[in-house]
Amino acid sequence: MRLSKAFIPTVKEIPNDAVIPSHQLMIRAGMVRLLSAGIYSWLPLGYKVMKKVCDIVREEMDAIGGQEFHLPALNPIELWEETGRVKAFGDNLFHVKNRPLVLAPTHEEVICWIAKNHVESYKDMPQIWYQIQTKFRNEPRPRSGVLRGRQFLMKDSYTLDATWEGLDKGYDLHAEAYKKIFTRCGLKFFIVGASSGAMGGSGSQEFMLESDSGEDTIALAEDNSYAANLEIATSLVPKAVRHTESKSLEEIHTPNVKTIDELAAFLKVDHSVLAKSVVYWADKTPVLVLLMGNDELNESKLMSVMGTDVHPIEAESLFGLTGADGGSIGPVGLNGFKIIADKRLEGANGLISGANRNDYHLKNIDLQRDCKIDGYYDLRTVQAGETAPNGAGKLRIVRGIELGHIFKLGTKYSDSLKATYLDEKGEAKPIIMGSYGIGIERIIACHIEQNHDANGIIWDKSIAPYLVHIIAVNMKSEKVVEKAEHLYNQLLEVGIDVLYDDRPTTPGFKFKDADLLGMPLQVIVGEKNLANGKIEVKIRKSGERILVDVDQSLMKVKELLT
RNA sequence: CGGGGCGUAGCGCAGCCCGGUAGCGCGCUUGGUUCGGGACCAAGAGGCCGGGGGUUCAAAUCCCCCCGCCCCGACCA
C-alpha cells in the first residue's frame, strides 16, 4: 500500500478523550474513530489488524474441530424470554422498538435453538460450533476505548455433548486453543479460576492480562502457580481459636465504638477475637454475615452462597429489624435473620460481637453454644500479602483485563429451551453445553498496551497490519524513488504485506509516522546510504539499524521476518 | 444510576470570573525555499462558541432546562 493513496489519518496530538495508551495510539495511528460512546468505526488499518486476529482465532478453532457459523444479530425476544434472560440482562439488552426483537448480546439461545431442532441423537455429538460476530450490549458505562464497547466483535463457541466427560474434553480443547491464540497474538497472559456468575455452570476460567487499565481484580501467587479472580480467590489464613473453656456471656459497655478497629483499640484485644457483623438483603431475606476481625466481605462469594442477588441493608431497615445500628449488631439472640459465618470463625468461642443494643457488645460468645449459625462458608476477600492457598508464597493483587472466558455451562439453556437428544437407551436427555468467548478488540488493545513505547505501537509480526514500512526519505531524489519503488514491487511480488511511504513530505514526518504505526521492520531508502550502495533496515522493537547492500535488501528483509 | 470534569475551526487549547465585532498552535489550500527525526517564508480557506429557553441595548461569557463526551463509583453473561 502506498501511503500517498492510503486512508490512514495519523494524528500528532494526544486525543483529549483517550486515557489509556492503547486507546490513544489506536486513534493516533488512524485505526479507529469514535462514532458514539462505546461505538467505534474501524478504519482500514485497524480493520486489517482485526482480520489478522480473526484469522488466527479461526485457524485455532478449526484445529480443534470447530465449525464456523454466521448467526443473526436480531433475535426474536420470545427466545430470550424462554431462558429468562430478558430479565437477567435487563437494561443491558438492546431492544428493537418497532418489532419484538432484541440485538443479541451473545448467542447461547440461537445455538440452542438450532441444536434443539437438529441434534437428535447422542450420535450427533460432540459438536464445536463457533462464530466471530458483532455482539451488542447496552453497557451503562463504556470505557477505555475499545476495551468495553456497546458493540464489539466476539468469538463465541459452544460445545454440545452427550456426556459430562465430553464437556470436560471440549473445555480442555478450548483451554489449549486459547493458549495458542493468545500466544500467537504476542500476549503475555495468565489463566485464572473464575466465578461462573449468572451464567451458571460448574466451572470457569478466565484468560487475563495484567494491566492497570483492567476492570477485574486478580490474586496471583508469587510464582503465578496460583491465580484467581478476587471473586473466588482464597488464601491460607489462621482460623479463630476454640478455647477449652467457654466462659459465660457478658455484656460490655462500649460507648461510641462503631468500627472493628475502634473496638479492638477500646478493649485492647486482638482482631482475631472479634466477630464483625455485616447485614445484607439476599433477595427479601435479611442475612447476617459474621467475619473475623476486619475481614472484608466478598459480595460475589455471598451471592453464590445465597444463590441470589445481594445488596447491603439500609440503615433504617437494620434499625427497624434489630433496634440497633450498624456498629452494634451481633449474632446472639437475633431472630428473623439468616446467619452465616466465614469459615475462619468455624466453631470458635471467646468471641466479641455486637449486642444488638447501641453502645454495647457481648463477650465470651461461643458460636456453637450461643448462636444458631446456618452455615460456615468462605466469604472473606483475600488481601495482598496473604499466603496463596497452594502455599506458593505471598499473594499479589493486580488488575487484569479479561481476554477470554471459558465456561462449563451444563444444561441450563438446553433445559429451558428443551434441547434434548436421545441416548443409547432411547431416553431424552438435555444436551450438555459449554460456552467459550474471546474479545477480538481486547486482543488488539491489549497487544498495544503490552507493546508500545513513547513513539508509538510496536506490532508483533503475527498481527501487524503490514510487516514492512518502506520510507523513501526524499521523493525528489530519482535514485531514492527508483530503489524504493523497486523494493516495494519486489516485496509485493513475494507476497509480503508492505506499506510504502511515498509521500512528498519531510523525512522527520515520515520517521515519526513510521514509529507511530509500528510495523516490525522499517526500510529506509535515503541518498546518503544509497551513495554507498546501502539501504537501512530498522527493527522497530529494538531500534536496531542494519545497513544492507541494496541488491541484498529483499533477501535481508525476508531473513529478518522469519 | 450517584459523584466529578469537559463541550469554542478537522485536532489540541485560550477567551468565560469581570457581557461589548471569536483567538492561538497544529493540520488543510496555493506559491516558493527546504529534504535523515513531526522544516521555513508568504498568501488563504475554515466556527449557529453542543442545543433550547431566559436576563440584557448587547451573551461564547450571567441564569434555567436538555443533549453529548470523558473519569471515579455502582453495574458487568
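All chains are named by letter (A, B, ...) in the order of the sequence lines, taking the proteins before the strands, and each is independently numbered beginning at 1. Keep in mind it's a predicted model, so treat the numbers as computed, not measured. Hydrogens, waters and symmetry mates play no part in the numbers below; they use all other heavy atoms, side chains included.
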Identified pairing partner of [N], criterion: Watson-Crick or G-U wobble below 3.5 Å:
| N | value |
| --- | --- |
| B:U29 | B:A43 |
| B:G68 | B:C6 |
| B:C48 | none |
| B:C17 | none |
| B:A58 | none |
| B:G36 | none |

Send over the distance from [X] [atom1] to [N] [atom2], rounded to a whole Å.
| X | N | atom1 | atom2 | result |
| --- | --- | --- | --- | --- |
| A:Glu299 | B:C75 | CD | C1' | 11 Å |
| A:Arg150 | B:C69 | CZ | C1' | 11 Å |
| A:Glu314 | B:G2 | CD | C1' | 16 Å |
| A:Asp216 | B:A74 | CG | P | 12 Å |
| A:Asn16 | B:U8 | CG | C1' | 13 Å |
| A:His23 | B:C71 | NE2 | C1' | 13 Å |
| A:Lys87 | B:C76 | NZ | P | 14 Å |
| A:Leu34 | B:G7 | CG | P | 17 Å |

Among B:C76, B:C70, B:C72, which is the nearest nucleotide to the side chain of A:Ala37? B:C70
A:Val498 versus A:His469: any side-chain heavy-atom pair under 4.5 Å? no
Is there side-chain contact between A:Ile128 and A:Tyr158, with heavy atoms separated by less than 4.5 Å? no
Touch class at under 4.0 angstrom, heavy-atom based, for A:Ser36 against every strand present: sugar-phosphate
Counting the atoms with a prime plus P, OP1 and OP2 as sugar-phosphate, which does A:Pro105 contact under 4.0 Å by heavy atoms, base, sugar-phosphate, or nothing? nothing
Would you measure the distance from the [atom1] atom in [N] across to the matching atom in [M] and give it in whole Å?
| N | M | atom1 | value |
| --- | --- | --- | --- |
| B:A43 | B:G38 | C1' | 23 Å |
| B:U55 | B:A14 | C1' | 27 Å |
| B:C11 | B:G54 | C1' | 34 Å |
| B:A45 | B:G10 | P | 16 Å |
| B:C49 | B:U61 | P | 10 Å |
| B:G2 | B:A39 | P | 48 Å |
| B:G5 | B:C13 | C1' | 16 Å |
| B:A22 | B:C16 | C1' | 12 Å |

Please determine if A:Lys408 forms a cation-pi arrangement with A:Tyr171, meaning its NZ or CZ atom is less than 6.0 Å from the six-membered ring centre and no more than 45° off the ring axis. yes
Which side-chain N or O atoms in residues 32-40 of chain A pair as donor and acceptor under 3.5 Å with protein atoms at least two apart or in another chain?
unit_1: A:Arg33; atom_1: NH1; unit_2: A:Ile27; atom_2: O; d: 2.8
unit_1: A:Arg33; atom_1: NH2; unit_2: A:Pro9; atom_2: O; d: 2.9
unit_1: A:Tyr40; atom_1: OH; unit_2: A:His23; atom_2: NE2; d: 2.9

For this output row, return yes or no: ring centroids of A:Phe407 and A:His405 closer than 6.0 angstrom. yes
If I take atom [atom1] from residue [X] and atom [atom2] from residue [Y], how far apart are they, to the nearest 0.5 angstrom?
| X | Y | atom1 | atom2 | value |
| --- | --- | --- | --- | --- |
| A:Arg442 | A:Ser22 | CZ | OG | 11.5 Å |
| A:Cys446 | A:Ile444 | SG | CD1 | 10.0 Å |
| A:Lys169 | A:Ile64 | NZ | CD1 | 11.0 Å |

At less than 4.0 Å, is any side-chain N or O atom of A:Arg143 found next to OP1 or OP2 of B:C70? Yes or no. no
Can you confirm whether A:Lys301 is buried at NZ, in the sense that more than 12 heavy atoms of other residues, nucleotides or ligands lie under 6.0 Å from that atom? yes
Does the protein touch nucleotides 34-46 of chain B at the base, only the backbone, or not at all? Give it as B, S and - per nucleotide, heavy atoms under 4.0 Å. BBBBBB-------
Heavy-atom donor-acceptor pair, A:Arg141 side-chain to B:C75 base, under 3.5 Å: no
State whether the distance check finds a donor on one side and an acceptor on the other, under 3.5 Å, for side chain A:Glu13 versus base B:G25. yes
Of A:Pro15 and A:Phe89, whose closest RNA chain B nucleotide lies nearer the 5' terminus? A:Pro15
Could you say whether A:Glu139 or A:Ile14 is positioned toward the 5' end of RNA chain B, judged by the nucleotide with the nearest heavy atom to each? A:Ile14
